[in-house]
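Along the sequence shown, the residues carry numbers beginning at 1.
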Amino acid sequence: MNARVEWLADDGALRHVLAQVLQSALFARAPRSCNLLAFLVGKKLAGKEYEITEHAIGVAVFRRDARDYDTALDPIVRVQMGRLRARLREYNAAQTRPGPRLTIPPGSYVPACTPAAAVSDRQRPLQLTPLRNLTGAHGTQAFVAGVDEELGYKLFDAFGALVQLPQQAPGWQSGNAPTRHRLEGSIRVERQHVRLSMRLVDTRDGDIAWLAQVDCNGEMDMALQEKLASAICVKFQHYLAAV
């Protein structure tokens with residue numbers, strides 16, 4: 001292994017799967033992902049999941065100074081977590097043997113062993129389409145475009161390369177994982193009031209798998225764009241956690 005695995009506890013299925021992942025060619029060229037994954041699994045095996053926080057990861061894995069490290073200003077953990085999730089999905093997609101797969105569920109930093117069948121259904125990319133502006137009023141298009149940007153950032157931050165951003169559509173260029181779902185939405189703008197509506201569509205038959213709406217009041221500025229995108233992202237994470 002090329003990663004520092006001093007955090008690892010005793011043996012077990014999770015430790016065995018971790019060793020296989022770290023020894024793979026895909027992870028051999030990604031020392032940061034190896035160190036991050038080893039840290040997360042080690043904490044879980046030691047029964048210290050409560051210590052898996054963004055701040056703790058930044059200090060222990062990425063050598064940030066605990067005295068002045070501000071997670072709001074330094075996104076190193078979120079960026080590297082997105083890359084780690086993307087590598088795990090790529091690794092799991094290439095596995096042909098039965099057995100558990102190591103995953104990090106969306107909205108969490110705690111790793112888990114997941115049955116192979118459950119993993120394969122989740123590693124298909126999600127296509128995010130541009131939001132439709134149902135208002136059409138002068139000056140609203142820039143606001144809608146800003147919400148698009150915020151939503152793409154929030155989803156990619158949570159789910160990594162699983163999210164296919166609008167500029168990447170329509171093709172998925174990363175292997176044998178065709179787009180399974182499309183996340184689409186629309187915005188209506190009134191005076192001091194915005195409604196964002198989103199739905200998850202199964203691209204095979206057009207069925208709607210999920211619907212959500214968010215209403216926000218206030219000035220059409222960056223703060224409102226971020227608030228709308230964050231609210232939808234949280235709702236979507238809750239949906240995925242329940243399925």
Side-chain angles (χ1 to χ4, degrees), residues 1-49 51-54 56-64 75-127 155-165 168 171-181 240-241:
M1 301 180 196
N2 65 352
R4 299 187 302 273
V5 294
E6 64 266 28
W7 300 291
L8 293 181
D10 296 332
D11 56 0
L14 189 57
R15 189 177 192 278
H16 176 69
V17 176
L18 172 69
Q20 292 180 319
V21 172
L22 295 183
Q23 291 168 357
S24 68
L26 178 63
F27 275 79
R29 58 179 183 267
R32 278 191 162 189
S33 288
C34 288
N35 289 332
L36 175 55
L37 186 60
F39 173 82
L40 298 176
V41 173
K43 287 295 184 183
K44 181 177 177 66
L45 290 174
K48 297 181 178 179
E49 296 183 10
E51 294 184 0
I52 302 179
T53 66
E54 184 176 350
I57 294 170
V59 172
V61 181
F62 301 112
R63 302 297 188 257
R64 294 306 193 255
I76 181 66
V77 173
R78 298 189 297 277
V79 170
Q80 292 300 323
M81 189 64 67
R83 292 174 181 172
L84 173 58
R85 286 194 176 100
R87 286 193 175 93
L88 282 175
R89 282 190 291 270
E90 185 176 349
Y91 173 84
N92 289 330
Q95 302 309 301
T96 57
R97 296 180 180 179
R101 303 289 190 258
L102 185 58
T103 66
I104 302 176
S108 171
Y109 291 158
V110 180
C113 269
T114 309
V119 173
S120 61
D121 187 55
R122 292 247 182 147
Q123 61 202 23
R124 298 180 183 274
L126 167 70
Q127 180 182 330
L155 289 171
F156 194 87
D157 186 41
F159 305 109
L162 179 66
V163 178
Q164 185 182 44
L165 300 179
Q168 296 173 299
W172 176 255
Q173 306 295 329
S174 182
N176 300 319
T179 302
R180 174 72 172 272
H181 290 96
L240 288 181

Is any side-chain heavy atom of [X] closer than 4.5 Å to a side-chain heavy atom of [Y]?
X	Y	value
Val17	Val41	no
Val110	Ile104	no
Arg78	Tyr109	yes
Thr103	Leu88	no
Arg32	Ile76	yes

Partners passing side-chain contact (heavy atoms from CB on, under 4.5 Å) against Ser33 (at least two apart in sequence or in another chain): Phe27, Ala30, Leu84, Arg87

Output the distance between atom [atom1] ([X]) and atom [atom2] ([Y]), rounded to the nearest 0.5 Å.
X	Y	atom1	atom2	result
Gln20	Tyr91	CD	OH	5.0 Å
Leu18	Lys44	CG	NZ	12.5 Å
Arg83	Leu36	CZ	CG	11.5 Å
Glu90	Leu26	CD	CG	5.0 Å

Closest heavy-atom pair, Arg15 versus Leu45, reported as atoms and distance to 0.1 Å, is CB-CD1, 3.9 Å

Give me the atom names and distance for the closest heavy-atom approach of Ala112 to Leu14.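 Looks like C-CD1, 4.3 Å.
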
With sequence neighbours excluded, tell me which residues meet salt bridge (Lys or Arg N to Asp or Glu O under 4.0 Å) with Arg64.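 Applying salt bridge (Lys or Arg N to Asp or Glu O under 4.0 Å) to Arg64 gives Asp74.
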
Are Lys43 and Glu49 within salt-bridge range, i.e. N to O under 4.0 Å?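 Judged by the 4.0 Å cut-off on N to carboxylate O distance, Lys43 and Glu49 do not form a salt bridge.
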
Stepwise side chain to side chain contact (heavy atoms under 4.5 Å, CB included) check, Leu40 with Val61: CA-CA 10 Å; Leu40 298 176; Val61 181; over 6 Å; no

